[in-house]
Participant: 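Let me begin by handing over the structure; questions about it come next.
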Amino acid sequence: MNRKERRKFKSFQKLGDNMVALPKDTGLATDKVVMEEGKYTKVRFPVTPDAKARGIGFERMWVRIFSGDTLNGWGVLDNQPNFSDFNLGQVVNYGEDEDGFPQYKSN
């Protein structure tokens, strides 16, 4: 499948129940409120090859923080993944990416 054949999602296009396409450099105001409490952070996770072929760059999911802060640390995945190969309840590491958002970091 070439680049032109990939499906491109428009910003804020609905992808499913409680899922919407966001530009890479965007966060939601409601996310910031929850993250300021310091118990959860929304982390970017890599997606499956099938999801990537559909034009999905990454999946953002909530992580309950056990060590660290909202940008760097480790915690437990608190979402059911739809586009990635992670599991609800999985322990994950994350760190700040080049855009200033938390991103999954492999061990």
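Values below: all heavy atoms of this structure, side chains included; hydrogens, waters and symmetry mates excluded. Computed from a predicted structure; not experimentally measured. Index from 1, following the sequence.
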Participant: Quick check for you: to the nearest 0.5 Å, what is the distance between K52 atom NZ and F58 atom CZ?
Facilitator: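 K52 NZ to F58 CZ: 9.0 Å, rounded to 0.5 Å.
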Participant: Please report the shortest heavy-atom distance between Y94 and K105, naming the atom on each side.
Facilitator: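 Minimum heavy-atom separation between Y94 and K105: C-CG, 3.7 Å.
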Participant: Donor-acceptor pair, E59 side chain versus S84 backbone, under 3.5 Å?
Facilitator: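 Judged by distance alone, yes, a pair lies under 3.5 Å.
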Participant: Would you confirm whether D97, through its side chain, and D99, through its main-chain N or O, come within 3.5 Å as a donor-acceptor pair?
Facilitator: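 Checked: pair present.
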Participant: Hey, what do you get for OH (Y40) to CZ (R64), rounding to the nearest 0.5 Å?
Facilitator: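 Going from the OH atom of Y40 to the CZ atom of R64 covers 4.0 Å.
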Participant: To the nearest 0.5 Å, what is the distance between CZ (F83) and CE (M61)?
Facilitator: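 Reported to 0.5 Å precision, the distance equals 10.5 Å.
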Participant: Using only atom types and a distance under 3.5 Å, with no angle test, would you say the side chain of N79 pairs donor to acceptor with the backbone of P81?
Facilitator: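 Absent.
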Participant: Are the side chains of I65 and T70 in touch, meaning some heavy atoms are under 4.5 Å apart?
Facilitator: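 The answer is yes; the side chains approach within 4.5 Å.
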Participant: Kindly give the heavy-atom pair with the smallest separation between E96 and N72, and that separation in Å.
Facilitator: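 What the structure gives for the nearest pair is N-OD1, 3.0 Å.
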Participant: Any side-chain heavy atom of V43 sitting closer than 4.5 Å to one from V92?
Facilitator: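 Result no, sub-4.5 Å side-chain heavy-atom pair not found.
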Participant: What's the separation between atom OG1 in T48 and atom CD1 in I56, rounded to the nearest 0.5 Å?
Facilitator: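 The OG1 atom of T48 sits 7.5 Å away from the CD1 atom of I56.
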Participant: How is the hydrophobic cluster of W74 composed, in terms of its other members, when Ile, Leu, Val, Met, Phe, Trp and Tyr link through side-chain heavy atoms under 4.5 Å apart, directly or indirectly?
Facilitator: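 Same cluster as W74: F66, V76, V91.
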Participant: Which one of N93, D78, T41 satisfies the side-chain contact (heavy atoms from CB on, under 4.5 Å) criterion with V63?
Facilitator: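 Of all the options given, the one that passes is T41.
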Participant: Can you check whether Y104 reaches L77 side chain to side chain, under 4.5 Å on heavy atoms?
Facilitator: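 When only atoms from C-beta onward are counted, L77 and Y104 do not touch, as no gap falls below 4.5 Å.
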